[in-house]
Amino acid sequence: MATASHRRSLRTRRTLVVSAAVVAAGVGAGALVLTANASGTDVYHQTLAAKDGWASSGSGTTGGAKADSAHTFTVSTRAQLVKALGSVSDTTPRIIKVKGTIDANTDDSGKKLTCADYAAGTGYSLSAYLKAFDPSTYGRSKLPSGTQESARAAAQKKQAANIVFKVPANTTIVGVPGTKAGITGGMLQIQKVDNVIVRNLTFSDTEDCFPQWDPTDGDSGNWNSEYDAVTLRGATHVWADHNTFTDAGHFDSLNPKYYGREYQVHDGELDITKSSDLVTVEQNLFTSHDKTMLIGSSDSEPSGKLRVTLHHNVWKGVVQRAPLTRVGQVHLYNNVYDVTPLNGYSLQYSINSRAKAQVVAQNNFWTVPSSVKVSKLLSGDGTGSVAGSGNLVNGTTTDLVAAYNASNSKKIKTTVNWTPALTAGLESSAKNLPAELAKTAGAGVLTAN
Ligand code: CA
Ligand code: CA
């Protein structure tokens, strides 16, 4: 049905969008660089290339590439997305093309839903909740329980029913180029399924209306939220490619404090937990966020899983967990970190290796302002490893582990129990990565063909 003029207008729009992204990235508008699809197939049917990280092992990652026309959908609303996803038990290959931005906080008729809409009828109110669990009267030894906690949980359940999108096996979810495709306020949940591709989508401001107070979390308690923009739980063979993850819409600087602690409405950008395995995360932009990526959610996750490759991603203005790794064999190569404070987000650390994680960090590039010490780029609990070489700080080869260990008592180990083999596209020098990835990483770069 696409007429020539329709195609032309799409093409024009795409060019404008890409130019804007390139300008925003600080690159001259004339240097328009588009990432072509290597395999010659279109953006919707592309599968993960051979040897492209852990997700290429075994049966590889093909997503919904084999979908028939009855299982190929174009969606622009929340209701259409829910319908296209179907039942999580239906493993028929499907391709879901997201056109434009879908607001997860809308009802089936497209009407905007607010936190008050979810709270209605549950009896929850923030002021009553704050009164009920004030540490000066409730103490700090036990988790909230009682009427207001039950009401909070009920309200959260109502929001979850609306904003959590359960992805079945053998699915590709892909943004239509040139449409600013993405999901705002939602969580893609890839749970106990195999073979999923997520690409060319902007995930923004996934927000929990009903954070939970945990007085036992840390020394002073914490407000914790439930939703990640994309969450992998017991998922296998997942390829996340050319997406953008950001809090834009609600930066953490807007969060109030209650009981002296930040009322944190965000959780992870892309969390890979509960024995997820064989994951490749490639050419994404992670930005303007605090708890960016967990690999493993508990120190007691069983060994042998959580094998993840992260390459050619940009981490720009994130506070921590880029990633926080536990247990698994994780390969980080050719990533760019810019730890300059951005939108109120200041670095705690980039990579945390704990619970015997076996991290290989190779040929990555850090841009570090003078306000940040190089010893702050890593973190650990004294049991995790970070091997690998060729990491640059402001262009200079730097031993990140030595810098960390020189000023910390819980030393990071430098040997690992594996050698990465699935390393397609590994570049032997990180030198040119900042300029390269400013043009190629994130959503809005891929073209249809
Ligand atoms: Ca959490
Ligand atoms: Ca999470």
Side-chain angles (χ1 to χ4, degrees), residues 37-39 41 45-67 91 93 95 167-174 188 190-199 230-243 270-284 293-297 301-313 323-335 351 353 355-364 384-388 415-428:
N37 298 312
S39 59
T41 56
H45 291 87
Q46 198 178 350
T47 59
L48 180 63
K51 296 198 172 181
D52 189 348
W54 273 119
S56 69
S57 69
S59 51
T61 302
T62 58
K66 293 195 179 119
T91 60
I95 295 172
V167 181
N170 307 316
T171 295
T172 295
I173 306 180
V174 48
L188 282 188
I190 305 171
Q191 182 166 322
K192 293 183 180 165
V193 297
D194 183 63
N195 193 27
V196 172
I197 296 172
V198 178
R199 58 193 321 225
V230 177
T231 200
L232 275 54
R233 300 175 182 169
T236 51
H237 292 110
V238 178
W239 181 33
D241 171 58
H242 281 99
N243 302 291
L270 170 54
D271 279 3
I272 301 165
T273 63
K274 299 194 188 303
S275 293
S276 290
D277 199 22
L278 307 176
V279 177
T280 297
V281 178
E282 169 177 359
Q283 293 270 6
N284 300 280
M293 179 186 290
L294 278 184
I295 299 178
S297 54
E301 291 233 18
S303 59
K305 310 274 188 172
L306 296 171
R307 289 172 292 180
V308 179
T309 303
L310 303 162
H311 75 86
H312 293 90
N313 300 288
L324 184 157
T325 61
R326 293 177 162 110
V327 178
Q329 296 174 331
V330 175
H331 194 198
L332 281 153
Y333 66 87
N334 296 151
N335 295 281
I351 300 167
S353 180
K356 299 182 180 170
Q358 303 292 306
V359 177
V360 178
Q362 190 176 9
N363 305 345
N364 301 289
S385 296
V386 178
T415 56
V416 291
N417 60 9
W418 68 298
T419 304
L422 304 168
T423 57
L426 173 65
E427 299 180 64
S428 59

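This chain uses plain numbering: 1 for the first residue, then up along the sequence.
- Note that the CG atom of Leu270 and the CE atom of Met293 stand 4.0 Å from one another [nearest 0.5 Å].
- Here the side chain of Ser297 pairs no donor or acceptor atom with the backbone of Thr273 at under 3.5 angstrom.
- Residues Pro168 and Val196 approach most closely at O-CG2, 3.7 Å, considering heavy atoms.
- Note that OG of Ser275 is 11.0 Å distant from CZ of Arg307, once rounded to the nearest 0.5 Å.
- Listed by chain and number, the residues in a side chain to side chain contact (heavy atoms under 4.5 Å, CB included) with Ala357 are Thr325, Ser353, Val359 (sequence neighbours excluded).
- Summarising the geometry, atom CD belonging to Gln329 is positioned 9.5 Å from atom OG1 belonging to Thr419; distances are rounded to the nearest 0.5 Å.
- Looking at Pro323 and Ile351, their side chains come closer than 4.5 Å, going by heavy atoms from C-beta outward.
- Atom-to-atom distance recorded for His237:NE2 and Leu278:CG is 4.5 Å, nearest 0.5 angstrom.
- Side-chain contact between Ile197 and Leu48 is absent, with no heavy atoms from C-beta onward closer than 4.5 Å.
- For the residue pair Asn363 / Asn334, no side-chain donor-acceptor distance below 3.5 Å is found, with atom types taken as modelled.
- Between Ala240 and Asn284, the closest heavy-atom pair is O-ND2, 3.0 Å.
- Residue pairs meeting the side chain to side chain donor-acceptor pair (under 3.5 Å) criterion with at least one partner in residues 52-64, sequence neighbours excluded, are Asp52-His311, Thr62-Asn195.
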Please report the C-alpha distance between Val167 and Val193 in whole Å, then the side-chain angles of each, then the deciding distance to 0.1 Å, and finally whether the side-chain contact (heavy atoms from CB on, under 4.5 Å) criterion is met.
CA-CA 8 Å; Val167 181; Val193 297; 5.5 Å; no
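- At a cut-off of 3.5 Å, with distance as the only test, a side-chain donor of Glu282 or Trp239 sits close to an acceptor on the other residue.
- Listed for the Asn335 side chain is a donor-acceptor partner under 3.5 Å among the backbone atoms of Asn313.
- Checking side-chain atoms of Glu301 against main-chain N and O of Lys274 turns up a donor-acceptor pair under 3.5 Å.
- Considering every non-hydrogen atom in both Ala50 and Ala424, the closest pair reads O-CB, 3.8 Å.
- Closest non-hydrogen pair, Ile190 versus Val230, comes out as CD1-CG1, 4.1 Å.
- Every residue meeting the side chain to side chain contact (heavy atoms under 4.5 Å, CB included) condition with Thr236, not counting sequence neighbours, appears here in chain and number order: Asp194, Asp277.
- Taking OG1 of Thr423 as the start and OH of Tyr333 as the end, the distance is 6.0 Å to the nearest 0.5 Å.
- In this structure a side-chain-to-backbone donor-acceptor pair under 3.5 Å is missing from Gln358 to Gly328.
- Looking at residues two or more places apart in sequence or on another chain, you find a side chain to side chain contact (heavy atoms under 4.5 Å, CB included) between Ser276 and Leu232, Ala235, Ile272.
- A 4.5 Å side-chain heavy-atom check between Thr231 and Arg233 finds at least one atom pair inside the cut-off.
- In this structure, Leu188 and Ile173 have side chains that are in contact, with non-hydrogen atoms separated by less than 4.5 Å.
- Counting all heavy atoms, side chain and backbone alike, Ala55 lies closest to Thr280 at N-OG1, 3.0 Å.
- With sequence neighbours left out, Ala65 forms a side chain to side chain contact (heavy atoms under 4.5 Å, CB included) with Thr47.
- In summary, of the residues considered (Leu294, Ile295, Val279), a side-chain contact (heavy atoms from CB on, under 4.5 Å) with Leu306 occurs for Ile295 alone.
- Not counting sequence neighbours, the partners of Asp241 by the salt bridge (Lys or Arg N to Asp or Glu O under 4.0 Å) test are Arg199.
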